[in-house]
Amino acid sequence: MPKPAQWDSTLASAIIAAHSSLDGAALPILHALQDEFGHIHEDAVPLVAQALNLSRAEVHGIVTFYHDFRRDPAGHHVLKLCRAEACQSMNGARIASDLLATLGISWGETTPDGHLTVEGVYCLGLCACAPSALFDGEPIGRISSETLADVVQQARAQ
Amino acid sequence: MKVFVSSDTASLALGSRRIAALLAEEASRRGLALDIVSTGSRGLFWLEPLVEVETGEGRVAYGPLEPDDVAGLFEAGFQEGKEHPLRLGQLEDQPYLARQTRRTFARCGIVDPLSLADYQAHGGYSGLERALLLEPLAIVDEVKLSGMRGRGGAGFPTGIKWNTVLHAEADQKYIVCNADEGDSGTFADRMLMEGDPFALIEGMTIAGLAVGATKGFIYIRSEYPHAYRTMTEAIRVATEAGCLGSSVLGSGRAFTLEARLGAGAYICGEETSLLESLEGKRGMVRAKPPLPAVHGLFGRPTVVNNVLSLATVPWILTHGGQAYADFGMGRSRGTLPVQLAGNVKRGGLIELAFGTTLREVIEDFGGGTATGRPIKAVQVGGPLGAYFPASMLDLPLDYEALAAEKGLLGHGGIVVFDDSVDLSRQARFAFEFCAAESCGKCTPCRVGAVRGVEVMDRIIAGIEPEKNFTVLEDLCTLMTDASLCAMGGLTPVPVMSALTHFPEDFDTVPRTPAAAE
Ligand SMILES: Cc1cc2nc3c(=O)[nH]c(=O)nc-3n(C[C@H](O)[C@H](O)[C@H](O)COP(=O)(O)O)c2cc1C
Ligand code: SF4
Ligand code: FES
């Protein structure tokens with residue numbers, strides 16, 4: 001995964017300006033900011049508010065409503081594990097809780113070495129090859145504790 | 001030689017990219033010219049990753065492949081479709097495909113998703129060409145005649161919705177495609193967008209002509225990054241070719257499209273929440289009325305339809321509404337792309353005329369559970385759908401038949417569970433999910449879901465069972481009757497179905513001493 005850029009308000013303003021003429025620009029802007037900086041930096045909020053003619057509170061409300069938007073940086077790698085029913089039916093919950101126990105973290109947390117963030121999601125549309133996951137955006141089907149051990153190793157190696 | 005490998009996300013999840021790379025490597029090592037066409041998936045996921053090779057007698061498939069199998073394929077002469085232990089023959093001859101009625105998914109997995117020429121060679125754009133010769137009302141009437149009901153879950157007749165938007169007066173109208181596909185156990189929208197994106201573009205263009213809308217949005221959940229990329233690229237290709245833009249196919253009629261990403265909120269699949277989100281706000285559900293058809297995106301009349309509803313429209317226009325209506329049962333007309341998932345041997349996409357039974361789908365197509373254990377429960381219609389026991393598998397796939405059993409068909413997802421499932425846990429999960437994904441606008445849902453988790457925890461722990469069952473039932477009644485939208489309103493469906501059909505799992509005797517503390 002490319003390393004997110006350091007916060008830079010000039011760059012942020014340029015990103016905001018590039019999207020602000022869209023109808024309903026808030027989500028495209030927030031996605032673009034998060035793609036660049038890895039999270040929604042708190043200094044981004046007033047910039048977005050100004051560009052869209054909203055209050056800071058309104059922008060804050062948007063950022064917090066959606067599960068995708070992070071307010072803090074994630075680890076170097078992100079593993080999203082499906083927690084929904086089809087994956088439950090294939091022992092997904094057990095595999096997930098074993099992994100979290102091994103890593104010593106809870107849902108949404110990052111390993112102390114900063115290498116891996118593990119997040120829960122509800123369905124990845126990979127329900128016919130459950131249980132499933134996304135590792136840095138790449139899909140993995142029929143996961144097992146062994147597959148996840150490989151993923152963790154990969155995450156730690158880079 | 002020409003081979004076809006799927007780059008559908010599920011195929012990628014099973015390793016198709018690596019297989020494609022190894023095929024290319026092996027071919028070049030042998031000095032063979034290899035043309036790899038990247039397609040969507042046919043939806044036979046238990047056979048994936050697979051490769052199809054073009055031969056004199058059609059495409060011959062080999063699968064499921066492991067990386068180690070690739071060299072052997074060349075040795076065996078798969079280039080000419082020769083024998084190999086993993087040779088499947090033509091996929092069309094697999095009973096799983098041969099027994100389907102593919103309408104919406106006729107092209108998916110066959111064509112190159114980003115080739116307009118391929119799309120047109122397989123019948124693409126004939127629906128729009130016909131629509132361009134018709135008056136708007138005649139297009140709407142054709143869709144009405146098809147009897148098609150929206151595939152997003154609510155099952156509202158598409159033609160009637162279009163008629164309302166057609167007759168609304170406004171300076172601007174919109175077509176919004178709901179590609180939020182949040183229901184667990186469903187993936188048909190994703191497959192279609194990745195495998196046949198022009199079908200959706202054509203369907204939305206026809207919708208635009210029918211109701212007088214010149215602008216459309218496709219709202220795609222962010223969990224589907226590949227679908228978003230394919231759709232965005234297909235829109236670019238269609239625009240460059242003049243299939244979208246200020247003069248669609250040179251007709252002088254305008255229609256433009258934009259794909260937008262959601263941001264991880266199940267509730268944004270609810271149409272009014274989706275519209276709020278598209279407008280750049282929090283996805284808070286709006287009270288209805290007014291309906292989106294009258295007061296939708298940016299306050300303008302808006303058609304909101306599911307991916308499958310819109311992608312089926314070209315078929316209806318090409319073949320006529322009556323031809324579509326000839327399939328199905330009762331008031332459920334046409335075909336339903338069933339998504340078979342979970343603990344099942346042969347999961348995949350199964351497009352069938354309505355009226356097929358759950359048993360035919362799960363046993364004949366699915367081959368029973370993946371674990372080989374007995375089926376205990378199936379959840380039909382996503383996280384807000386009912387859990388049915390194995391004894392009820394003779395229920396037909398039909399909106400009314402499932403409603404009569406206090407369930408729903410939803411977006412057509414079926415999730416199979418073996419006998420290791422504990423339905424009291426599933427009931428608890430239904431509340432947990434609702435608590436996590438509620439928009440928070442109304443109290444019965446926002447507070448009720450949290451209360452539901454607590455009550456289920458007590459029931460599971462065996463604490464004051466009599467009292468807590470009463471609380472549970474009252475809570476379900478309240479959520480059903482007083483929630484603003486179906487998120488809170490239908491959460492009791494999985495809960496009550498679990499309780500009704502699997503009372504033994506709600507055994508009030510504490511299971512472990514620790515749980516009774
Ligand atoms: C909580 C909730 C989630 C929904 N999620 C979706 C969804 O992901 N996709 C979808 O097409 N419809 C979804 N719907 C249904 C939509 O509100 C709406 O009925 C549908 O998009 C209309 O299109 P159709 O008539 O073509 O089905 C959802 C409804 C609710 C209440
Ligand atoms: S039922 Fe739930 S999701 Fe629907 S409006 Fe009320 S709080 Fe929002
Ligand atoms: S339920 Fe896990 S991918 Fe759909």
Side-chain angles (χ1 to χ4, degrees), chain A residues 19-20 22-32 34-35 48 52 54 58-70 80 82-94 107 119-135 137-143, chain B residues 9-10 12-14 43 45-46 48 181-187 189-191 222-227 258 260-266 277-284 297-298 339-344 347-349 370-371 379 382-383 413 415-418 420-421 426 429 433 436-437 439:
Chain A
H19 294 87
S20 55
L22 290 172
D23 295 324
L27 264 62
I29 288 176
L30 293 172
H31 273 303
Q34 181 151 307
D35 285 348
V48 176
L52 299 183
L54 297 170
E58 282 169 308
V59 175
H60 179 78
I62 298 167
V63 173
T64 51
F65 183 86
Y66 296 97
H67 299 307
D68 277 3
F69 300 129
R70 300 174 207 287
K80 297 192 182 200
C82 175
R83 302 182 68 183
E85 290 90 335
C87 290
Q88 293 167 9
S89 78
M90 289 300 281
N91 206 25
R94 179 62 189 278
W107 288 113
E119 294 178 336
V121 284
Y122 294 114
C123 194
L124 294 164
L126 302 172
C127 334
C129 49
S132 64
L134 279 186
F135 180 56
E138 287 308 312
I140 321 175
R142 298 182 194 141
I143 58 165
Chain B
T9 307
L12 296 178
L14 295 171
F45 292 113
W46 81 98
E48 297 210 26
E181 196 166 61
D183 289 1
S184 78
T186 70
F187 44 83
D189 297 350
R190 183 187 61 63
M191 278 183 66
S222 60
E223 291 84 349
Y224 286 0
H226 295 78
E258 243 182 82
R260 287 288 176 89
L261 267 184
Y266 177 77
S277 183
L278 263 182
E279 290 182 8
K281 303 177 194 152
R282 299 193 296 156
M284 298 296 266
L297 188 63
F298 301 111
Q339 299 126 83
L340 182 60
N343 194 335
V344 66
L349 185 106
T371 46
Q379 188 179 28
V415 176
V416 182
F417 293 80
D418 73 11
S420 64
V421 67
Q426 300 309 116
F429 176 76
F433 179 71
E437 297 297 325
C439 82

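Computation of the quantities below employed the complete heavy-atom set of this structure, encompassing side-chain atoms and omitting hydrogens, waters and symmetry-equivalent molecules. Naming: A, B, ... by sequence-line order, numbering from 1 per chain.
If you measure heavy-atom distances from B:Phe45 to chain A, the contacts under 4.5 Å come from both the backbone and the side chain. Within the 4.5 angstrom heavy-atom criterion, atoms from both the backbone and the side chain of B:Leu261 approach chain A. For B:Glu279, the part sitting under 4.5 Å from any heavy atom of chain A is the backbone (N, CA, C, O) and nothing else. For B:Ala436, the parts sitting under 4.5 Å from any heavy atom of chain A are the backbone and the side chain alike. Contact annotation for B:Ala370: only side-chain heavy atoms (C-beta onward) come within less than 4.5 Å of a heavy atom of chain A. Proximity to chain A (any heavy atom under 4.5 Å) is restricted, for B:Asp183, to the backbone atoms N, CA, C and O. With a 4.5 angstrom heavy-atom cutoff, B:Leu12 touches chain A via backbone and side-chain atoms both. Contact annotation for B:Gln339: neither backbone nor side-chain heavy atoms come within less than 4.5 Å of a heavy atom of chain A.
Once rounded to the nearest 0.5 Å, the distance linking CD of A:Glu58 with CZ of B:Arg282 reads 9.5 Å. One distance of note links CZ of A:Phe65 with OG of B:Ser277; it measures 7.5 Å at 0.5 Å rounding. The distance from the CD atom of B:Glu258 to the CG atom of A:Leu22 is 5.5 Å, given to the nearest 0.5 Å. The distance from the CG atom of A:Leu126 to the OG1 atom of B:Thr9 is 6.5 Å, given to the nearest 0.5 Å.
Per-residue counts of heavy-atom pairs under 4.5 Å with chain A were compared for B:Val421, B:Leu340, B:Leu278; the largest is that of B:Leu278. The candidate from B:Pro225, B:Gly264, B:Gly262 with the greatest count of non-hydrogen atom pairs under 4.5 Å with chain A is B:Gly264. Ranked by heavy-atom pairs under 4.5 Å with chain B, the list A:Ala26, A:Pro139, A:Ala93 is led by A:Pro139. In terms of non-hydrogen atom pairs under 4.5 Å with chain A, the most contact-rich of B:Gly43, B:Gly347, B:Ser184 is B:Ser184. Taking B:Lys281, B:Met191, B:Glu48 one by one and counting their heavy-atom pairs under 4.5 Å with chain A, the maximum is reached by B:Lys281. Ranking A:Leu30, A:Asn91, A:Val121, A:Leu124 against chain B, the residue ahead of the rest is A:Leu124, based on heavy-atom pairs under 4.5 Å. Chain A forms the most heavy-atom pairs under 4.5 Å with one residue out of B:Ala263, B:Gly342, B:Gly280, and that residue is B:Ala263. Taking A:Arg83, A:Lys80, A:Gln88 one by one and counting their heavy-atom pairs under 4.5 Å with chain B, the maximum is reached by A:Gln88. Your options are B:Arg260, B:Glu223, B:Arg190, and the one with the most heavy-atom pairs under 4.5 Å with chain A is B:Arg260. Annotation: maximal heavy-atom pairing with chain B below 4.5 Å, among A:Gly92, A:Ala128, A:Ala130, occurs at A:Ala128.
Nearest heavy atom pair, residue A:Arg142 against residue B:Trp46, reads NH2-CA, 3.8 Å. Shown here for A:Gly137 and B:His226, the closest heavy-atom pair between the two residues is O-CE1, 3.6 Å. Residue B:Ala265 comes nearest to A:Tyr66 through the heavy atom pair CB-CD2, 4.0 Å, listed as atom of the first residue, atom of the second, then distance. When all heavy atoms are compared, the tightest approach of A:His31 to B:Ser222 is CE1-CB, 4.4 Å. The two atoms that bring B:Gly185 and A:Cys127 nearest to each other are N-SG, 3.3 Å, heavy atoms only. When all heavy atoms of B:Gly182 and A:Cys123 are compared, the closest pair comes out as O-CB, 4.0 Å.
Side-chain atoms of A:Ser89 come within 3.5 Å of backbone N or O of B:Asn343 as a donor-acceptor pair.
A ring-centre distance under 6.0 Å is not found for A:Tyr122 and B:Tyr266.
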